[in-house]
Amino acid sequence: MTSRPAANPTVDRRRFLSRAFQATGLLLLAGCDNLSRSDWFQALLGKTEQVTKEAQRVLSPRQAMAKEFTLDDLSPVFPANGTSDPESEEYQALAKNGFAGWKLEIGGLVQTPSRLSLDELRALPSRTQITRHDCVEGWSAIAKWKGGKLSELLERVRPLPSARYIVFHCADPDEDGRPYYESIDFEDAHHPQTILAYEINDLALPIQHGAPVRLRVERQLGYKQAKYIMRIELVESFESIAGGKGGYWEDQGYEWYAGI
Ligand SMILES: Nc1nc2c(c(=O)[nH]1)N[C@H]1C(S)=C(S)[C@@H](COP(=O)(O)O)O[C@H]1N2
Ligand SMILES: [Mo]
């Protein structure tokens, strides 16, 4: 996931020194309020501003952006994986009507529990991004996704201070009746590339990819990208949900934080 090692050792060394400098600047920033008036520190601040993005990558890699691609990079075929058509009667009825009757329920630890139609979700500030999806089963594919920003949705429902995780409940139970679900924390929920996607490659999300809405949380692996989202629940802990590990695959031993 990190950038390839540079072939040129001088460039490598320069990168290292510049990162060390940035990190030092930020550490000073964190600890030395009283230095902010001195000239040299103002100068350092100016420099720091230019490189803050880089420095953040070093100090808090979870806030870094996932790599974005161009239209030329789109995969000719984007495979469907896991459920490709939920069997439940409720879902089938919604699909028949083009999801006109679908409402996304957002509840749990929020001040304003809400139900949003697809049109209301489409009216949220959105983001479009071309990213690579990596499945643990060994395939990757690049697609263009458009969706409402999860951060904007959360702002509207006003999370209570005790809320720590966002749980996505999906429409597709497995053969044993265990529903697919996933969860992320607020750091990922507020990441600019975390969206509730309703379009893939400029088309309404088809059923195989999670219609009407699926999660894109681009710094993590495929199984975190919950499809067929019916309900979002804010919780303090996911211990009492299903197997207690925060997701369908997590309950079967996968990592909860599936960073790439
Ligand atoms: N509801 C639901 N979401 C899901 C799955 C699933 O079976 N059900 N499979 C996951 C896995 S393992 C992957 S790789 C991706 C596949 O997304 P795609 O079908 O759009 O390729 O969805 C993820 N989200
Ligand atoms: Mo996957």
Side-chain angles (χ1 to χ4, degrees), residues 1 66 69 73-95 99 102-106 118 121 127-148 150 165-184 188-189 193-233 238 241-243 245-260:
M1 145 238 135
F69 297 79
D73 302 314
L74 293 183
S75 299
V77 176
F78 197 106
N81 204 39
T83 305
S84 58
D85 190 4
E87 284 169 9
S88 82
E89 265 175 46
E90 187 195 2
Y91 183 87
Q92 289 298 327
L94 289 166
F99 300 100
W102 175 88
K103 292 245 174 167
L104 176 63
E105 207 181 304
I106 308 129
L118 202 45
L121 195 70
R127 191 172 199 281
T128 301
Q129 56 209 27
I130 301 177
T131 53
R132 195 185 64 215
H133 175 108
D134 295 317
C135 171
V136 287
E137 287 171 29
W139 59 272
S140 298
I142 294 174
K144 177 180 177 184
W145 302 97
K146 181 180 182 187
L150 184 58
Y165 301 100
I166 295 90
V167 182
F168 304 88
H169 297 280
C170 307
D172 55 325
D174 67 10
E175 316 77 85
D176 302 322
R178 287 174 303 182
Y180 201 97
Y181 75 105
E182 260 306 336
S183 62
I184 60 174
D188 267 332
Q193 289 168 315
T194 300
I195 57 174
L196 294 173
Y198 43 72
E199 277 183 23
I200 178 172
N201 297 337
D202 296 321
L203 298 170
L205 198 66
I207 288 180
Q208 56 175 346
H209 293 307
V213 167
R214 66 105 50 90
L215 178 66
R216 293 304 309 171
V217 48
E218 303 289 1
R219 303 288 318 282
Q220 297 203 54
L221 287 169
Y223 63 88
K224 299 298 288 190
Q225 324 296 327
K227 307 196 278 190
Y228 318 114
I229 300 175
M230 304 298 280
R231 182 162 66 89
I232 294 179
E233 183 186 12
F238 40 68
I241 299 171
K245 299 289 197 300
Y248 176 81
W249 286 110
E250 287 86 331
D251 286 340
Q252 292 165 66
Y254 284 48
E255 292 291 317
W256 177 76
Y257 191 79
I260 39 180

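Values below: every heavy atom of this structure, side chains too, minus hydrogens, waters and symmetry copies. Counting starts at 1 for both ligands and their atoms, in listed order.
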Per side chain to side chain donor-acceptor pair (under 3.5 Å), Lys144 is matched among Thr128, Asp202, Asn201, Asp73 by Asp202

For [X], the ligand 1 atoms whose distance to one of its heavy atoms is below 4.0 Å:
X      : answer
Gly82  : 7 (O)
Ala80  : 19 (O), 21 (O)
Cys135 : 14 (S)
Cys170 : 1 (N)
Gln225 : 22 (O), 23 (C), 24 (N)
Tyr223 : 10 (C), 11 (C), 12 (S)

Is there a nitrogen or oxygen of Tyr228 sitting under 3.5 Å from a nitrogen or oxygen of ligand 1?
no

Does any N or O atom in Thr83 lie less than 3.5 angstrom from one in ligand 1, N or O only?
yes

Could you identify the single nearest non-hydrogen protein atom to [atom] and state the distance to 0.1 Å?
atom                    : answer
atom 22 (O) of ligand 1 : Arg214 NH2, 3.4 Å
atom 13 (C) of ligand 1 : Gly222 O, 3.5 Å
atom 19 (O) of ligand 1 : Lys227 NZ, 2.5 Å

Distance, nearest 0.5 Å, that separates [atom1] of [X] from [atom2] of [Y]:
X      : Y      : atom1 : atom2 : answer
Ile195 : Trp145 : CD1   : CH2   : 8.5 Å
Asp251 : Phe238 : CG    : CZ    : 9.5 Å
Glu218 : Asp188 : CD    : CG    : 10.5 Å

Nearest option to [atom], as decided by whichever heavy atom of [options] sits closest:
atom                    : options                       : answer
atom 6 (C) of ligand 1  : Tyr248, Phe78, Trp139, Tyr180 : Tyr180
atom 16 (C) of ligand 1 : Asp134, Asn81, Ile207, Leu215 : Asn81
atom 20 (O) of ligand 1 : Gln208, Met230, His209        : His209
atom 1 (N) of ligand 1  : Leu205, Ile200, Asp172        : Asp172

Identify whether the distance between the nearest side-chain nitrogen and carboxylate oxygen of Glu255 and Lys224 falls below 4.0 Å.
no

Under 6.0 Å from the NZ atom of Lys103, do we count more than 12 heavy atoms belonging to anything else shown?
yes

How about Gln92: does its CD atom have over 12 heavy atoms from other parts shown lying under 6.0 Å from it?
yes

Answer yes or no for [X]: is there a heavy-atom contact with ligand 1 below 4.0 Å?
X      : result
Glu137 : no
Pro79  : yes
His133 : yes

Take the angle between the ring planes of Trp139 and His133 and call it parallel below 30°, perpendicular above 60°, tilted in between.
parallel

Would you please indicate yes or no on a ring centroid separation below 6.0 angstrom for Tyr180 and Tyr228?
no

Compare every heavy atom of Leu215 with every heavy atom of Val217, then report the nearest pair and how far apart it is.
CG1-CD2, 3.7 Å

Tightest non-hydrogen contact, residues Ala197 and Arg216, listed as CB-CG, 3.8 Å

